[in-house]
Amino acid sequence: MQKRLVLDQKQIAITIDRFCHQLIENHDDFDNTVLLGLQPRGTLVLDKIVKRLKEISGHDVPSGYLDATFHRDDFRRRDIPLKANETKINFLIENKKVVLVDDVLFKGRSVRAAMDAMIAFGRPKKVELMVLIDRKYTRDYPVIPNYFGRQVNTLESQYVSVEWASQGFSEDAIWITEKEVKS
Ligand SMILES: O=P(O)(O)OC[C@H]1O[C@H](OP(=O)(O)OP(=O)(O)O)[C@H](O)[C@@H]1O
Ligand SMILES: O=c1cc[nH]c(=O)[nH]1
């Protein structure tokens with residue numbers, strides 16, 4: 001299978017550090033900010049950000065995992081039923097500045113569902129979106145990230161694959177791959 005490297009381990013680490021500095025710049029002392037990682041894979045990005053934010057700034061920013069499966073517009077429409085993941089949020093987001101974190105932004109449908117799901121925890125003051133990879137010109141919903149690692153031009157036939165060492169890969173890496181054609 002053809003693969004093109006987008007970000008290697010060192011570049012991902014630099015991007016995570018940049019995200020932390022951007023958050024520090026835009027969220028002052030974080031006293032009204034919460035971070036939510038989108039299940040399943042945004043949580044891995046979130047964990048890295050939370051860890052580095054603590055190391056860089058000393059801030060322990062409230063964070064949680066948000067699952068939006070039941071809010072997806074294709075829920076019940078798939079051949080294989082979608083499996084939900086756990087939502088782990090032990091605070092309210094009422095009047096908070098919420099930063100949604102995910103790995104890849106493609107059609108924008110996951111983020112739309114996440115914004116629907118999070119309302120169960122209150123009415124946020126403001127919502128921002130942070131993604132490692134923004135697949136440009138592919139959106140079905142009008143979603144634009146506030147923070148992105150890389151913007152990539154991709155074809156529908158391609159897939160952005162995010163690999164983490166913590167998930168058994170040799171190292172952290174982000175690739176553009178060709179989707180397998182079903183025969
Ligand atoms: O902008 P979207 O089109 O919603 O795609 C982006 C979402 O897709 C992936 O999740 P998921 O594993 O749910 O989707 P996948 O199976 O298509 O990779 C990825 O982690 C994002 O959450
Ligand atoms: O390219 C894509 C599209 C959706 N989700 C991903 O993880 N990668």
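Every value quoted in this text rests on a predicted model; they were computed, and no experiment measured them. Both ligands and their constituent atoms are indexed starting at 1 by order of listing.
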Residues in the immediate environment of ligand 2 (any heavy atom closer than 4.0 angstrom):
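Under the 4.0 Å cut-off, ligand 2 touches Arg41, Val104, Phe106, Arg135, Tyr159, Val160.
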Suppose I only count heavy atoms of [X] and a 4.0 Å limit; which atoms of ligand 1 are within that range?
X: Tyr159; answer: 15 (P), 18 (O)
X: Gly108; answer: 1 (O), 2 (P), 3 (O)
X: Asp102; answer: 20 (O), 21 (C), 22 (O)
X: Lys107; answer: 1 (O), 2 (P), 3 (O)

Just to verify, which of Ile93, Asn95, Thr33 counts as forming a side-chain contact (heavy atoms from CB on, under 4.5 Å) with Lys125?
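For Lys125, the side-chain contact (heavy atoms from CB on, under 4.5 Å) test succeeds with only one of Ile93, Asn95, Thr33, which is Asn95.
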Residue among Val127, Ile144, Val131, Val143 satisfying side-chain contact (heavy atoms from CB on, under 4.5 Å) with Val111:
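Only one of Val127, Ile144, Val131, Val143 forms a side-chain contact (heavy atoms from CB on, under 4.5 Å) with Val111, namely Val143.
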For residues Leu5 and Leu7, report the shortest heavy-atom separation together with the two atoms involved.
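Of all heavy-atom pairs spanning Leu5 and Leu7, the closest is CD1-O, 3.6 Å.
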Between Pro40 and Asn85, which heavy-atom pair has the shortest distance, and what is it?
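Where Pro40 meets Asn85 most closely, the heavy atoms are CB-ND2, 3.9 Å.
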Would you mind checking which non-hydrogen protein atom is closest to [atom], with the distance to 0.1 Å?
atom: atom 5 (O) of ligand 1; value: Phe106 CB, 3.5 Å
atom: atom 20 (O) of ligand 1; value: Asp103 OD1, 2.6 Å
atom: atom 6 (C) of ligand 1; value: Val104 O, 3.2 Å
atom: atom 7 (C) of ligand 1; value: Ser110 OG, 3.4 Å

Give the contacting part of Arg41 toward ligand 1: side chain, backbone, both or neither, where contact means a heavy-atom distance below 4.0 Å.
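The answer is the side chain of Arg41.
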Would you say NZ of Lys126 has more than 12 non-hydrogen atoms from neighbouring residues, nucleotides or ligands within 6.0 angstrom?
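No.
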Inspect the surroundings of CD in Glu94 and state if more than 12 heavy atoms from other residues, nucleotides or ligands are less than 6.0 Å away.
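Result for CD/Glu94: enclosed.
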Steps toward side-chain contact (heavy atoms from CB on, under 4.5 Å) verdict (Val99, His27):
CA-CA 10 Å; Val99 183; His27 290 264; 3.9 Å; yes
Can you tell me how far NZ of Lys179 sits from OH of Tyr159, rounded to the nearest 0.5 angstrom?
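Rounded to the nearest 0.5 Å, the OH-NZ separation comes to 8.5 Å.
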Distance flag for atom 13 (O) of ligand 1, protein heavy atom under 4.0 Å
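Looking at atom 13 (O) of ligand 1, one finds that no protein heavy atom lies closer than 4.0 Å.
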Salt-bridge criterion met for Arg72 and Asp74 (N-O under 4.0 Å)
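Looking at Asp74 together with Arg72, the answer is yes, because their closest N to O distance falls below 4.0 Å.
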Closer than 4.0 angstrom, basic N to acidic O: yes or no for Arg139 and Asp134?
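Salt bridge between Arg139 and Asp134, a charged N being under 4.0 Å from a carboxylate O: yes.
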Are any of the heavy atoms in Gly42 under 4.0 Å away from ligand 1?
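Heavy atoms of Gly42 never come under 4.0 Å of ligand 1.
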